[in-house]
Amino acid sequence: MKATVIAPTNIAIIKYWGKNPTFENIHVPNKSSLSFTVQKLTTTTTVEAERGEFEIEFTLNGKKITAEMKEAKYVFKFLNNIKKFYPFLNNYKIKVVSENNFPTAAGYASSASGFAAFARALVEAVPEFEDIRNDDKKVSILARLGSGSATRSVPSKGGLVLWKRGVDPETSYLYDEKEASERSYAYTLIEPEKLQDLSIIYTKVNEGAKKIKSRAGMKSTVQTNPVYWNWIRYEEAHLLKETIDALQNNEREKLLNNIMKASNGLHSMCLYTQPSITYLNDTSKLIMHSIEEYNNDEVKAAYTFDAGPNAVIFTYKEYEKEVKDLLLNILEDEQKILSTSVGEGPRKTDNHLF
Ligand code: ADP
């Protein structure tokens with residue numbers, strides 16, 4: 001059977017940084033995270049599954065990926081993880097062709113839309129997955145086995161999505177791997193129709209591949225940062241709830257301030273890692289400071305950065321033009337600025353890639 005899915009990326013406003021050391025292999029996080037599903041930045045993936053001895057053929061952005069290539073590692077791990085929980089996958093030859101419509105491995109979360117599209121297409125293509133096909137929760141768990149941030153790109157309604165950590169790291173010993181896996185999934189908290197006053201502006205500060213992959217960076221933070229667990233506790237107990245409340249009560253200033261606080265929290269955790277990790281560059285910092293200056297009288301915009309130098313700016317539609325002008329002053333190229341909105345989750349299409 002063959003199936004094709006288009007899945008959006010997502011931008012976290014409360015970040016995922018660090019796996020539960022007991023369940024590292026299956027990407028159970030140390031804290032919950034919160035994101036917006038994003039329109040326009042998408043992955044399209046076609047999966048064909050045929051009965052036979054297990055085999056995988058993978059093409060990404062027009063390039064055949066062989067087992068020894070770096071891009072193959074995540075995909076092999078994903079399928080091996082799935083086989084642990086769904087052994088029938090061993091009886092299939094899988095052919096996958098995938099295309100991202102934005103830069104890969106550059107800090108725009110291609111792994112999020114990539115594994116969300118892969119998981120959604122896989123459950124459509126393999127008949128034994130029929131029972132979980134329409135179960136967003138179970139498919140989000142499946143996508144998590146490929147990449148943590150992909151969990152948040154799965155819910156069909158999209159919008160504001162919460163990914164629950166599921167397991168308190170202090171009591172991990174209470175769970176086996178299957179139980180832990182089933183507890184950590186994502187779902188929609190607010191539907192996109194209710195979030196259309198928000199504008200999300202992506203910038204291209206540097207679209208080259210990042211030097212330290214998120215996976216390696218977060219592992220190093222968990223192992224060496226002496227205040228990491230304090231940050232986890234603070235965000236779980238305070239920042240996450242405050243941010244959800246701000247969105248539900250439409251408290252704009254509080255939301256925007258929390259978005260910046262959460263981004264700065266992540267990057268200070270990186271700096272406090274040994275050896276220290278720096279994802280931001282001088283242009284990133286210039287953008288941060290000009291947004292802060294713009295907010296002097298009234299907070300109207302917020303920046304957030306993932307594991308890379310590219311700023312994502314949140315503002316409201318009525319300020320979008322002002323904020324884009326401010327960014328244009330710094331980046332000097334309209335092509336480096338893309339405005340979009342909160343969107344829906346993945347959808348199936350009949351336009352197969354092969
Ligand atoms: P990003 O910020 O783009 O997520 P990462 O380095 O965290 O950067 O992840 C990039 C990796 O995710 C790629 O090297 C590849 O292994 C995987 N990936 C990216 N896009 C896809 C896709 N469409 N399908 C499957 N895997 C993908």
Side-chain angles (χ1 to χ4, degrees), residues 8-15 35-42 100-110 112-113 195-212 214 243 246-247 250-268 270-271 276-343:
T9 188
N10 69 78
I11 177 73
I13 55 171
I14 298 289
K15 306 292 185 183
S35 64
F36 289 113
T37 313
V38 172
Q39 285 180 11
K40 294 187 191 172
L41 278 72
T42 59
N100 301 326
N101 75 352
F102 60 96
T104 299
Y108 295 108
S110 65
S113 50
L195 297 163
Q196 290 309 302
D197 54 342
L198 265 173
S199 166
I200 306 174
I201 307 171
Y202 275 78
T203 66
K204 265 186 200 168
V205 170
N206 181 344
E207 59 177 318
K210 47 191 157 188
K211 285 189 212 86
I212 303 169
S214 314
T243 307
L247 272 153
N250 203 17
E251 295 171 88
R252 288 180 165 194
E253 188 163 334
K254 183 131 193 210
L255 171 67
L256 295 170
N257 277 330
N258 280 4
I259 289 176
M260 292 186 279
K261 205 191 247 187
S263 173
N264 291 330
L266 166 69
H267 292 279
S268 56
C270 290
L271 205 59
S276 75
I277 303 169
T278 312
Y279 287 115
L280 309 181
N281 67 19
D282 287 349
T283 310
S284 321
K285 288 178 202 158
L286 206 59
I287 294 175
M288 281 171 66
H289 296 138
S290 64
I291 294 289
E292 278 164 4
E293 211 168 82
Y294 175 68
N295 285 342
N296 227 345
D297 297 328
E298 185 190 348
V299 182
K300 295 191 282 195
Y303 51 77
T304 191
F305 296 86
D306 279 349
N310 304 305
V312 179
I313 308 297
F314 290 93
T315 187
Y316 291 88
K317 292 270 157 73
E318 61 263 40
Y319 310 123
E320 187 181 290
K321 168 103 187 38
E322 277 175 21
V323 175
K324 281 172 98 170
D325 286 346
L326 176 153
L327 293 169
L328 193 57
N329 257 335
I330 298 169
L331 297 169
E332 295 175 336
D333 181 355
E334 277 180 19
Q335 304 291 322
K336 293 184 172 170
I337 301 164
L338 171 80
S339 52
T340 180
S341 304
V342 180

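Bear in mind that the values here come from a model prediction, so they are computed numbers and not experimental data.
Within 6.0 Å of atom CD in Glu298, more than 12 heavy atoms from other residues, nucleotides or ligands are found, so the atom counts as buried in its surroundings. Residue-environment remark: CG (Asp282) stays at or below the threshold of 12 foreign heavy atoms within 6.0 Å. More than 12 heavy atoms of other shown residues, nucleotides or ligands fall within 6.0 angstrom of atom NZ in Lys317.
Within the 4.5 Å cutoff, side-chain heavy atoms of Leu326 are placed close to those of Ile291. Annotation: side chain of Glu322 is not in contact with side chain of Thr315 (no heavy-atom distance under 4.5 Å). For the pair Asn295/Met260, a side-chain contact is recorded, criterion being any heavy-atom separation below 4.5 Å from C-beta on. Contact check for Asn310 versus Phe305: no side-chain heavy atoms found under the 4.5 Å cut-off. Between Asp333 and Lys204 the shortest side-chain heavy-atom distance does not fall below 4.5 Å. No side-chain heavy atom of Phe314 sits less than 4.5 Å from a side-chain heavy atom of Leu255.
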Subject >> CA sep, side-chain torsions, deciding dist, call: Val299, Arg252, side-chain contact (heavy atoms from CB on, under 4.5 Å) >> reply: CA-CA 8 Å; Val299 182; Arg252 288 180 165 194; over 6 Å; no

**OP:** Report the C-alpha distance between Thr203 and Tyr303 in whole Å, list the side-chain angles of each, state the deciding distance to 0.1 Å, and finish with yes or no for side-chain contact (heavy atoms from CB on, under 4.5 Å).
**Re:** CA-CA 11 Å; Thr203 66; Tyr303 51 77; over 6 Å; no

Original post:
Hey, mind stepping through Asp325 and Lys321 against side-chain contact (heavy atoms from CB on, under 4.5 Å) and telling me if it holds?
Top reply: CA-CA 6 Å; Asp325 286 346; Lys321 168 103 187 38; 2.8 Å; yes

**OP:** Apply side-chain contact (heavy atoms from CB on, under 4.5 Å) to Leu247 and Leu195, showing your working.
**Re:** CA-CA 9 Å; Leu247 272 153; Leu195 297 163; 4.0 Å; yes

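To the nearest 0.5 Å, the span separating NZ on Lys285 from CD1 on Ile287 amounts to 12.5 Å. Within the model, atoms OG1 of Thr340 and CD1 of Ile11 stand 11.5 Å from one another, a figure rounded to the nearest 0.5 Å.
Across all their heavy atoms, Asn101 and Lys40 have their closest contact at ND2-O, 2.8 Å. In terms of heavy atoms, Asn281 sits closest to Pro309 at ND2-CB, 3.8 Å.
Aromatic ring pairs are classed by plane angle as parallel below 30°, tilted from 30° to 60° and perpendicular above 60°; the pair Phe102 and Tyr108 is perpendicular.
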